[in-house]
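Here the structure comes first, spelled out in structure tokens, and everything after it is commentary.
Order of the sequence lines fixes the chain letters, A, B, ..., with proteins taken first and strands second; residue numbering starts at 1 for each chain.
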Amino acid sequence: MKNEEIAKIFYDIALFLQMKDENVFKIRAYERTGQTIESLPTDIELLYKKGGIDALQELPGIGRAIAEKIEELLKTGKLQTFERLKKEIPVDIDGLRRVEGIGPRKILFLYKKLGIKSVAELEKAAKQGKISRLSGFGAKSQENILKGIEFLKKTKGRYLLGHIMPLATDIENRLKQLPFVRKAVISGSFRRRKETVGDIDILAISDKPEKVMDFFVSMPEVINVYGKGKTKTMVLLNNGIGADLRVVPEKSYAAALNYFTGSKDHNIALRRIAIHKRMKLSEYGLFKKGKNISGIDEKSLYGALGLKYIEPELRENAGEIEAAMQDKLPILIEYKSLKGDLQIQTNWTDGSNSIEEMAIAAKNYGLEYIAITDHTKTLAMINGLNEKKIAKQGKEIDILNKKLKGIKILKGAEVNILKNGKLDTKDSCLKELDIVGIAVHASFNQTKQEMTKRIITAMENEHVDILFHPTCRLIGKRPAIQLDIEKIIDIAKSTGTILEINSMPDRLDLKDEHIRMAVKAGVRLVIDTDAHSGYHFPFLELGIAQARRGWAEKKDIINAWPLKTMMKMIKI
DNA sequence: GCCGTTTTCGGCCCGACTGTTTTCAGTCG
């Protein structure tokens, strides 16, 4: 069994225990186990094989009882305790929990009172007005449930880029390594690095298309083959996403790649230019008087159309073609070019790793500096830090900075913005920090006017450097807060506040159009991971993709610069 | 359920906010 499968089981047990109103510390013990296993650098199965149950008990937060449960899972593939709980409360926890405002206690209550087991049943009951009649619920709760379900439906069928990227890239690499495949590249919205993708479109060049297709359908992840031909094969992968493979001859490569990368609007605009120049553009090539003049790659294809090469992330027909005509395309911030990360949580609050472990992971990833920005005191549930603890953490950071070479740790915090715009941490404490980030964590439903005023009030604090995940959206889970983003950008400009591009796969916040607005206004940005584990640093690439889709250049991104330069770019 | 120079039991953690209560339960991350 994989670490993440085992971790998921412990997280699920924690949820069941929450339903049953178990002792909160017992619940936390199970949650902590999930977190520990999830962020383990080695295979837990291997650990167990080497050191047995004793090795499991060596792990932090894992004692006799839980170690025995892990052993049972590794030996039998099942856990009796878990199976019993599932049988006792047979509900779709994952689905129901995704409805905003629905947690474990309500799931159990709804199951007991109305027998609700799934989101579909919940929706039906809400529509029939059954929810509002329950004690503890009311008209507003019922309305919020329906709103939450509506929101879920809208995002159904799309997958987070960050979640499918590892598998998609792996398949791409497997195809590339085949001796009879000359080129293989994922196209579609994946190549444009959209936040979510509907399916994986792969383009390959080969003289032996049948062999490529045979390989493709026999991959272990394939659970269904929708269709298989010489040029196109469509399959369903075991994680629920569809994958299409197209094999084209080399001479069509440039045009095919361009066509399958999209976007549709971008392609239509390109075809119009071709027609204007008495050419014809299709997925087979760019033809002038019947002759394919597309060349060997997309650069030559764009060139033949009289355009500078347009990066995939810009291909939305949102001004990029005009810019390419006038040679005014941005020089986009490059992948792997970040020097630091200014939002990181540690095990002082809800992160999995210590400050030192995070610093070493960051260094190994190639960063030169990081800011530790644990949550502040009003997020009590996750042990948010008060002024005293922040000062104490600062001392630990001083010691680590002396000890560690090649990575500089900055002192920071993710300060909670209260409902009225006040910060929950004293100025005298913030003054001592290198990086003060602020963020909204509650009262997401304020009106646009209230919310904008709230955030502006917070931004106007002289110690504040960065507004973290400005719109607070969780893709597919929670809509963005109501915010006058233009006004926020204005205030960012006048106060020198940096706006964040959060790289977490389900956040990606700011989003592309807001980034573009900020860039245009001359407001600086920072690409952070919001890492809660040392494994999260690769998510920075998603943040860079987001920045690129927002037309951001190196000059716009403060952490693309070395520490000294970066510090000059923030408020003093 | 875990942990231990406070060491085998008692602490771990203790706030804001909503929507529903008429004094509080549940969610948030």
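Residue A/His532 is out of contact with every strand shown, counting any heavy-atom pair closer than 4.0 Å. Within the 4.0 angstrom heavy-atom criterion, only backbone atoms of the sugar-phosphate kind lie near A/Arg64; the bases stay farther away.
Rounded to whole Å, atom P of B/dT20 lies 10 Å from atom CD of A/Glu143. The separation between A/Tyr30 atom OH and B/dC3 atom P is 13 Å, rounded to whole Å. At whole-Å resolution of the value, CG in A/Leu134 and P in B/dA25 are 17 Å apart. Going from atom CD1 of A/Ile27 over to atom C1' of B/dT27 covers 13 Å, rounded to whole Å. One atom, CD of A/Glu22, and another, P of B/dG1, lie 7 Å apart when rounded to the nearest Å. Look at CD1 on A/Ile107: it is 8 Å from P on B/dT27, rounded to the nearest Å. The CZ-P distance, from A/Phe109 to B/dT21, rounds to 10 Å in whole Å. Summarising the geometry, the separation between CZ on A/Arg97 and C1' on B/dT27 is reported as 11 Å, rounded to the nearest angstrom.
Rounded to the nearest 0.5 Å, atoms NZ (A/Lys422) and CG (A/Asn416) are 14.5 Å apart.
Between the side chain of A/Arg473 and the backbone N or O of A/Asp509 there is no donor-acceptor pair closer than 3.5 Å.
With C1' as the reference atom, B/dG29 and B/dG15 are 13 Å apart, rounded to whole Å. Using atom P as the reference point in both B/dG11 and B/dG19, the two lie 36 Å apart (nearest Å). To the nearest whole angstrom, the two C1' atoms, one in B/dG1 and one in B/dC13, are 15 Å apart. Between the P atoms of B/dC2 and B/dT6, the separation comes to 22 Å (whole Å). Remark: the separation of the C1' atoms in B/dC14 and B/dT27 is 16 Å, to the nearest Å. Here, B/dA16 and B/dT21 have their P atoms 24 Å apart, quoted to the whole Å. For the P atoms, the distance linking B/dC12 with B/dC17 amounts to 25 Å, nearest Å.
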Determine, for nucleotides 11-19 of chain B in 5'-to-3' order, which nucleotides have protein heavy atoms under 4.0 Å from the base (write B), from only the sugar-phosphate (write S), or from neither (write -).
-> -BBSBSSSS
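Using a 4.0 Å cut-off between a side-chain N of Lys or Arg and a carboxylate O of Asp or Glu, A/Arg98 and A/Asp94 do not qualify as a salt bridge. Between A/Lys431 and A/Glu462, no side-chain nitrogen of the basic residue sits less than 4.0 Å from a carboxylate oxygen of the acidic one, so the salt-bridge criterion is not met. A salt bridge links A/Glu88 and A/Lys20; the closest N-O separation between the charged side-chain nitrogens and carboxylate oxygens is under 4.0 Å. Electrostatic pairing of A/Glu22 and A/Lys26 counts as a salt bridge here, judged by a charged N lying under 4.0 Å from a carboxylate O. At a threshold of 4.0 Å, the pair A/Arg64-A/Glu68 counts as salt-bridged, since one of the basic side-chain nitrogens sits closer than that to a carboxylate oxygen.
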Using Watson-Crick or G-U wobble pairs with both distances under 3.5 Å, give me DNA chain B in dot-bracket, 5' to 3', with [ ] for crossers and | for pairs to another strand.
-> ((((....))))..(((((....))))).
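For A/Asp427, the CG atom sits in a packed shell: over 12 heavy atoms of surrounding residues, nucleotides or ligands are nearer than 6.0 Å.
None of A/Phe82, A/Phe10, A/Tyr48 except one satisfies the side chain to side chain contact (heavy atoms under 4.5 Å, CB included) rule with A/Leu73; the exception is A/Phe10.
In this model, the phosphate group of B/dG29 is approached by a side-chain N or O of A/Arg478 to a distance below 4.0 Å at OP1 or OP2.
If A/Leu59 and A/Ile102 are placed on DNA chain B by their nearest nucleotide, the residue sitting closer to the 5' end is A/Leu59.
Of the N and O atoms on the side chains of A/Asp512 and A/Gln546, not one donor lies less than 3.5 Å from an acceptor on the other residue.
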